Every structure is written in structure tokens, then in C-alpha cells.
Number of protein chains: 2
Amino acid sequence: MTASELEVIGWSEGKLWFLDQTLLPGEERRIETDDPTVVADAIRRLAIRGAPLIGIAAAFGFTLGFLAQSAFRNVPLRSRVERLFTLFAATRPTAVNLFKALERVKECALSHSDREADLERLLLQEAQAIHEEEKTMCREIARNGSVLLLPGSVVVTHCNTGALATGGKGTALGVIREAWERGALRHVYIDETRPLLQGARLTTWELQKLGIPSTLITDSTAAFLMLQNRINVVVVGADRIAANGDTANKIGTYALALAARHHGIPFYVAAPTSTLDLATPTGKEIPIEVRGAEELVLQGLRRVAPEHTEAYSPAFDVTPADLIMAVITDRGIARPPYEQSLAAAVEASEKVSP
Amino acid sequence: MTASELEVIGWSEGKLWFLDQTLLPGEERRIETDDPTVVADAIRRLAIRGAPLIGIAAAFGFTLGFLAQSAFRNVPLRSRVERLFTLFAATRPTAVNLFKALERVKECALSHSDREADLERLLLQEAQAIHEEEKTMCREIARNGSVLLLPGSVVVTHCNTGALATGGKGTALGVIREAWERGALRHVYIDETRPLLQGARLTTWELQKLGIPSTLITDSTAAFLMLQNRINVVVVGADRIAANGDTANKIGTYALALAARHHGIPFYVAAPTSTLDLATPTGKEIPIEVRGAEELVLQGLRRVAPEHTEAYSPAFDVTPADLIMAVITDRGIARPPYEQSLAAAVEASEKVSP
């Protein structure tokens, strides 16, 4: 199995299945369910994660609420739509893909409310379309971005932005992978990505499957490697990009961007147009999910900090647009001023998408 | 027990005892030994850690080799001195206190080689003098540095620089503590300090004992807090400071310094003159200890990264002098140009020390 064929989510005989990413890399366990609340819970506890994959999962999860056997079937249609929408909207507030996907399935359900017998099929088609679109966007991002990685590139990346995050080839990791296939990439440094270690657990796993040489580091080691001229480019993903280019991404991205700026190293964000949120003017308006202290004070079952430790654990930070050299999208490479270039990318995507 | 009275190492009836810091905060276990190799091993595995405390422990550990029952007693004196010196010098290469302390006990042993019967007592006196000097230096550092923290200070610190690191009141943490007692400090953010979590495990523990309000964060969260104007000063310790002011300290310090510089936030290093190494011209000449991959790929007994993951885990990084606003020493506050100010601090310390 290579990561290109890596299936992380899918629909089979009226059920949604997905890989429980909290168990990776130790165990590859599939969870199969016809219960929307199981899917919502999986998103909340990061068994399903990555902005594009969250959107895909929410669309499928919403669809589950319209199956014949669903507990939600007893609720009147409009109320059912609202309850399912709210169920998923409450899982993770930062990723915009979630809300875009939910809007699409909600719109699908409401616009066909007179054909309730067909709704399961129609919603499933919509969810599958969202999944296919994300796969296509990944391929386009990889093609557009890989040319930015010059021969001899040694890249550092953060969190996980591969198949496990996108349901496709990946965003930042798709760019990295295509640069490797083109012979331009020499090495990848992987930020472990505290507190949930998506880099250590997932990105290492994907790159090893792809045979791409990589080295795991703690998040704050990247700056020191830059000081030693051992890294020459940064590529990261995004959870939401505001109209002005300010980018919410996994906590640690901003510190990485500052280090890149200080060392004159290009800092690229790779994201599908589904992650662009023109309705949010700047990063200041992006809600930042704050996670529980237990992710800092516990390691598995072992308590690492004392009993009454207070912790602040934002899941994301916001990197101001002026630290970002370019945003690699499926509709081309957006450069400053981002107000124009990101709007153009969104416009291009809307011309062809349904 | 408050941290001011916190005893972390001591000599009792011909044995050295020390707190095993790898077990904190869960368990306060004392290890008692008359075997130098047990002490060296404790330093290597970070049961004893912190540049000043390593020096103290090495001096006591060296002394153990001269006890009547020591296995080292069968070795001729000069060879015994060399073997004990090498045993401890090989534990951790970055902290200069280790080498300074070892030079002192070595010199003591060689200069009294004609009084071998007295050596145990003489060496013990020397080791105890080193311990007392570190305690005094901590008090002076705290007094000198606390005035730099203005009323309303919200500080971020890295790693552990308190009683557990110094055998005294602490370096950076001593400054923070005295600022708190003077009413200038509002809050402390504690970097968890990957990979070994000295911030999460030890600094939280000390600050809670002192009743100083603190919040635990992941290392790369500090930059995001600075962007939100929620931190206004940085104080860290040091493992070795070169003649030009370049400072080796726990990995992550450099990234923190870069973030502070970008946000115009003062960045202070607090260290005893025993940490100043005028014989090392710049940071480039400071050897950086690289630790094993297991500290990144394992969490306790649980493997978090795949089987064949390669990791790069430097224990320290080097912060260039131009990012450091001042070095707080027991002999006053050194400011740029550091060649002059650090040399003056060392000179002042040599006038009074034995």
C-alpha cells in the first residue's frame, strides 16, 4: 500500500468507514458506522482530522442522518437538517471546509425536501462529489506548488497535510511528494507538532510509505536548523485563510514563519480553494479553538505536570499574510496582495465547481 | 516545604543523595549512593540536570571516588583523578559548569597528592564550597535581575532554571520569583520544553509550591501569545555563554528569542558567572549534545512514531548575542558589547572566589 492508494475514509453498503487516526502509527483500525454522532465524535477527538477530511467526513456524517434506520429519521425534515448541521458545526470551529461542506449538504437537503425518498441518494452523491473535488484539488495543488521547490530543496513541514488530512494526495505533503518525484527534493524535516504529535505519528508514517527521506524534530528545532543553513524552504497547510491572506493553521506555524522570515527562507502555504474564506476579512476574525489542558498535562495515562496545572492550548495560530511568500492553491499560486489573488482563485474555482 | 527550602542534593554520612528528577512531579524519590558511576549515570539520564546542579553533582561524585570503600581507591592517584574526570566529563558536553567544577576538584586532588589520607575531607570541602557558591550566585542573580521586570510583567520562560536546576534559588526562575515577591510580576507562561518536558514537569511544580500564578503552554505557543500582546518579557537560563555573548541553552530558546525580537519584547538570559566561558570565543565553538531518537519517538513505553523513524534531537541550541538584551549575572547586568561586560563580570567573580 502506498500513500497514493491510501484510503482513509469511504462509503460502503450504507455505512461510513474511516481510519481512527488516534491509533496510528501503531494500529490501522477502521471504524464503520451508520450513526452521525459517532462521526461527529470522531472529528471532535481527532480520529478524523485535517481541514479537508473534516469537511468530507461531515458531509458523509450528515448523510447518515437520512438513512432509513437513522434515529434522526423521526425528526421533521427541516429540524433534522438543523440538528445535523449543529451537531457537526460544533465539533471544530476553525476549519472552514467543515462549514462549506455542511452548507452544501444542508442546501441539498432543503432544496429537495419534496423528494424525501431520494434524499439519501442525493446527499450521498453530494458527499461523494465533495470527496472527489478534494482529491482533484490535491492533485492540482501538488502540480502547481512542486515547481516552487528548487533542486536540492530541504523542506520543513508542520502537522500532517497528506492523505490522512485530505482524503486525497495531500496539500503541503502533496507538494512535497511531487517535488520528490520530480527529483527536486533532498530531505524533509518533520515537526513533531505538539501537543497531539500529528507530525511524529502521521507525517512520518506517510513519508516512510512513500520512501521519501525524512527526519523527525521537535517543533522548536526548526529555527536552529535554519540558523545552521540546513533548511531552505517551508511548506505548510492551512485550516482557514482569510481574505487578506492571514492563515490559521496548527499551533506552531506562526513561530515557524517568524523563523523563516528571520533567515530569509521562503514560507509557502498550500491549501485547496475550499480553505479560502473570503467572508472573513482578516485573521483577527478567525475563531481559534482552544483545547483541553489534558493534552498538555497527560502523556497517555501518565500525568507529566502536577495536579493543579493550568494550561493554555490553542489548536491553531494565525500567521499574518506578510510572512507568507505565496499560497499554493488548486487554482494557481496566489501571491501578495492576497485580496486580489485569493479572490481570483476562488472565482476560478466557482466557475467549474457545481 | 517551599522551593526556597527545597533541597535537591546533599551529602550525608559519606554518601551523596539527590532527588531523581525524572520521577517528578509524580514522585519525590531520593537516591543515595557512594558510587561515582551512579552519579555520572544520573547526570547522563537527567535525573540530575541544570547546568549549575550538574557541576555540583560532578564535584560530589568525583569526591566519592576518594572514599575508603570506593572501587576507585585501588587505582593510583593520578590515574584515578583522570578516570574520574573522564567519567564525568563524558556525561554531558554542553554545560561549562561541569568542566569548571571538575577542574576544581581535579586541581584540589593533584595539589594535595602528598596528603592522600586527607583527600576525602579536602575534596568534600571543595564540593561543598562549589554548592555554596552556586547558592550565593542565585541570590545575587535574583537581586540583580528582578529590577528588569517592570510592574505588570507577564513573562515566558523555558525549561527549568529553579532550585531543581541550580541547588539554590534558581537563575531565571530566581529572577522571576524575586520579581513576584516585589509585586512586579503578574503571570508566568511556562514552555513545556520538548522533548523532556522540564517546564511541564519541574517548573510548574516549583512555581506552584511558590504560589506564583502560571500557565503551561507548548513551546511554539509563546510566539502566538506575543502576537496577541499577552507576553511582555522573556527570561531564560543558560548552559554556556561564549565570550561574545552567544548563549547555549535548552533547545527552543533560539526560536523564542526570534519571536521576542520580532515583537520587540526584551529577551534576558540569567546565569551565574560559572556559566560564562570566556575561553570559547563564539557560539560556533560550543559543542552541542545530540540526544537519542527515543526521546522523540517514544512516550513512556508507547511508541508514537513508526518503527524506522530517524530523528534529530539536539539538547541545546545557540542564541546569537545580538538577540539578547542583557545577561543577568551574580556580578551585575551585562549588556552589549558582551566581550567587555562579560569579561568584567568574570573578573569581578574571580576577585572574591577562592
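Bear in mind that the values here come from a model prediction, so they are computed numbers and not experimental data. We name chains A, B, ... by the order of the sequence lines, and we start the count at 1 in each one. Worth knowing before you read on, the calculation uses all heavy atoms, side chains too, and leaves out hydrogens, waters and symmetry mates.
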Which one, [options], leads in non-hydrogen pairs under 4.5 Å with chain A?
options                                : answer
B/His308, B/Lys284, B/Arg303, B/Met226 : B/His308
B/Ala255, B/Pro314, B/Ala311           : B/Ala311
B/Ile190, B/Thr203, B/Thr204, B/Leu24  : B/Thr204
B/Gly199, B/Ala259, B/Ser220           : B/Ser220

Does the side chain of [X] reach to within under 4.5 Å of the side chain of [Y], using non-hydrogen atoms?
X        : Y        : answer
A/Leu258 : B/His263 : yes
B/Asp219 : A/Asp219 : no
A/Gln299 : B/Leu197 : yes

Taking the ring centre of each residue, are A/His187 and B/Tyr312 less than 6.0 Å apart?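 No, the ring of A/His187 stays outside the 6.0 Å limit from the ring of B/Tyr312, centre to centre.
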Which bit of [X] is near chain A, if near means a heavy-atom gap under 4.5 Å: side chain, backbone, both or neither?
X        : result
B/Leu296 : both
B/Gln228 : side chain
B/Arg302 : side chain
B/His158 : neither
B/Leu225 : side chain
B/Ser313 : neither
B/Ser214 : backbone

Roughly how far, to the nearest 0.5 Å, is the [atom2] atom of [Y] from the [atom1] atom of [X]?
X        : Y        : atom1 : atom2 : value
B/Leu227 : A/Asp317 : CG    : CG    : 8.5 Å
A/Tyr254 : B/Thr221 : OH    : OG1   : 13.0 Å
A/Glu192 : B/Thr309 : CD    : OG1   : 12.0 Å

Non-hydrogen atoms of B/Ala305 and A/Pro25 that approach each other most closely: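 It is C-CG, 3.8 Å.
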Could you look at [X] and say if it's the side chain, the backbone, both or neither that has a heavy atom under 4.5 Å from chain B?
X        : value
A/Pro320 : side chain
A/Ile217 : both
A/Pro195 : both

Of A/Arg201, A/Arg261, A/Gln208, A/Glu295, the largest count of non-hydrogen pairs under 4.5 angstrom with chain B goes to A/Gln208
